[in-house]
Amino acid sequence: MNFKVKEMCYCALMACMMAIFSQIKIDLPGYVPITLQTFMVCLIALIAPCKVAVSACVVYLLMGAIGLPVFAGFQGGMGSLLGYSGGYIFSFPIMVYVISKLKTRVPIVLACIIGSVICYFIGTLWFMFVTKMNLSASLMMCVVPFIPGDLIKIVLAYCLSKKIKVKL
């Protein structure tokens with residue numbers, strides 16, 4: 001994959017924005033907090049070309065994997081990726097790829113909803129693996145409380161993406 005300097009700058013900027021927005025969080029009684037990471041994933045997918053968007057999410061994952069405190073609550077390292085919410089974090093590059101590919105084929109909001117479902121699926125499977133909880137309990141803890149907020153994030157990302165133009 002050959003990147004122009006401008007694409008690398010946008011990739012770095014978007015990875016940093018993911019790190020900043022992941023610090024805006026609300027802790028829930030369960031293990032997984034509400035953050036604005038998924039908002040940024042949707043926004044990045046909507047405003048950037050697919051390769052830049054996916055690369056930004058991979059860079060974000062790598063920053064956290066090497067120990068930089070970019071995940072929610074200023075966490076970093078492999079322990080964060082292998083913990084309760086690691087599956088959700090690992091799903092971000094897949095989520096951004098799917099949204100980027102679908103945004104021209106289906107309504108944009110539907111593309112973001114499909115991306116969110118993929119995030120829920122991968123994250124919940126990982127959560128079940130780590131905690132040994134059953135599907136019903138995991139859905140009640142990791143999916144149901146997040147649906148209203150994620151719908152709001154999707155609408156906000158859609159509205160904001162109409163105002164932001166990335167020219168590469």
Side-chain angles (χ1 to χ4, degrees), residues 1 3 6-28 30 32-65 70-73 75 80-81 84-127 139 141-168:
M1 199 178 311
F3 279 96
K6 197 173 195 181
E7 291 173 325
M8 288 189 279
C9 291
Y10 275 120
C11 178
L13 175 66
M14 291 175 190
C16 289
M17 291 300 294
M18 287 270 307
I20 291 167
F21 275 71
S22 70
Q23 303 315 318
I24 302 168
K25 72 174 193 143
I26 300 170
D27 288 319
L28 294 178
V32 182
I34 294 174
T35 69
L36 292 182
Q37 291 168 310
T38 52
F39 166 75
M40 279 307 298
V41 171
C42 287
L43 183 61
I44 288 169
L46 296 178
I47 65 173
C50 187
K51 77 174 186 175
V52 174
V54 171
S55 298
C57 285
V58 170
V59 166
Y60 171 72
L61 282 177
L62 292 174
M63 289 183 343
V70 296
F71 301 139
Q75 298 295 313
S80 297
L81 289 173
Y84 303 120
S85 58
Y88 300 98
I89 299 168
F90 274 121
S91 74
F92 293 161
I94 300 165
M95 182 180 172
V96 81
Y97 177 80
V98 169
I99 295 170
S100 291
K101 290 299 183 181
L102 290 178
K103 69 184 176 187
T104 58
R105 297 184 178 111
V106 299
I108 290 174
V109 172
L110 179 60
C112 291
I113 290 171
I114 292 169
S116 293
V117 168
I118 290 169
C119 180
Y120 289 149
F121 179 75
I122 295 170
T124 304
L125 282 179
W126 181 257
F127 182 83
L139 289 175
M141 190 173 288
C142 299
V143 176
V144 174
F146 294 90
I147 292 173
D150 282 348
L151 291 174
I152 292 169
K153 291 181 220 176
I154 288 169
V155 170
L156 290 174
Y158 170 74
C159 293
L160 193 54
S161 73
K162 294 297 178 193
K163 303 290 183 192
I164 299 174
K165 302 291 181 216
V166 174
K167 300 286 184 190
L168 294 175

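All values derive from a computational prediction rather than experimental measurement.
Applying the side chain to side chain contact (heavy atoms under 4.5 Å, CB included) test to Val106 and every residue at least two apart in sequence or in another chain returns Leu102, Leu110, Ala111. For Phe146, the side chain to side chain contact (heavy atoms under 4.5 Å, CB included) criterion is met by Leu28, Val32, Ile34, Tyr120, Asp150, not counting sequence neighbours. For Lys163, there are no side chain to side chain contact (heavy atoms under 4.5 Å, CB included) partners two or more places apart in sequence or in a different chain. Applying the ring-ring contact (aromatic ring centres under 6.0 Å, His included) criterion to Tyr84, with sequence neighbours excluded, gives Tyr31. Partners of Ser116 under the side chain to side chain donor-acceptor pair (under 3.5 Å) rule, at least two apart in sequence or in another chain, do not exist in this structure. Residues satisfying the ring-ring contact (aromatic ring centres under 6.0 Å, His included) test with Phe71, not counting sequence neighbours, are Tyr60. For Tyr97, there are no ring-ring contact (aromatic ring centres under 6.0 Å, His included) partners two or more places apart in sequence or in a different chain. Here Ile47 pairs with Met14, Leu43, Ser161, Ile164, Val166 under the side chain to side chain contact (heavy atoms under 4.5 Å, CB included) rule; sequence neighbours left out. Every residue meeting the side chain to side chain donor-acceptor pair (under 3.5 Å) condition with Thr124, not counting sequence neighbours, appears here in chain and number order: Tyr88. With sequence neighbours excluded, the residues that form a salt bridge (Lys or Arg N to Asp or Glu O under 4.0 Å) with Lys25 are Asp27.
Between Thr35 atom OG1 and Ile24 atom CD1 the span is 9.5 Å, to the nearest 0.5 Å. The line from CD1 of Ile147 to CD1 of Ile152 is 12.5 Å long, rounded to the nearest 0.5 Å. Remark: Phe127 CZ to Leu139 CG distance equals 10.5 Å, nearest 0.5 Å. We find the CD1-CD1 distance between Ile108 and Ile113 to be 12.5 Å, quoted to the nearest 0.5 Å. Atoms CD1 and SG, from Ile154 and Cys159 in turn, are 12.0 Å apart once rounded to the nearest 0.5 Å. To the nearest 0.5 Å, the span separating OG on Ser91 from CG on Leu61 amounts to 9.0 Å.
Nearest heavy-atom pair, Val96 versus Val41, reported as atom, atom and distance to 0.1 Å: CG2-O, 3.7 Å. The minimum heavy-atom distance linking Pro93 with Val54 is given by the pair O-CG2, 4.1 Å. Contact between Gln23 and Ala72 at its shortest, heavy atoms only, is OE1-C, 4.0 Å. Summarising the geometry of Val52 relative to Cys11, their closest heavy-atom pair is CG1-N, 4.0 Å, with the distance given to 0.1 Å.
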Could you walk me through whether Ser85 and Trp126 pass side-chain contact (heavy atoms from CB on, under 4.5 Å), step by step? CA-CA 8 Å; Ser85 58; Trp126 181 257; over 6 Å; no
Might you work through the side-chain contact (heavy atoms from CB on, under 4.5 Å) test for Leu81 and Ile89, ending with a clear yes or no? CA-CA 7 Å; Leu81 289 173; Ile89 299 168; 3.6 Å; yes
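The backbone N or O of Phe21 sits nowhere less than 3.5 Å from a side-chain atom of Gln37 that would complete a donor-acceptor pair.
Within the structure, no pair that satisfies the side-chain hydrogen bond (donor to acceptor under 3.5 Å, both in side chains) test touches residues 100-112, not counting sequence neighbours.
No side-chain heavy atom of Cys42 sits under 4.5 Å from any side-chain heavy atom of Tyr158. Under the 4.5 Å side-chain criterion, counting only non-hydrogen atoms from C-beta, Val70 is not in contact with Met18. Two residues are said to be in side-chain contact when any heavy atoms from C-beta on lie closer than 4.5 Å; Met95 and Val117 fail this criterion. Contact check for Leu46 versus Cys112: side-chain heavy atoms found under the 4.5 Å cut-off. By the 4.5 Å heavy-atom criterion applied to side chains, Phe92 and Cys119 are counted as neighbours.
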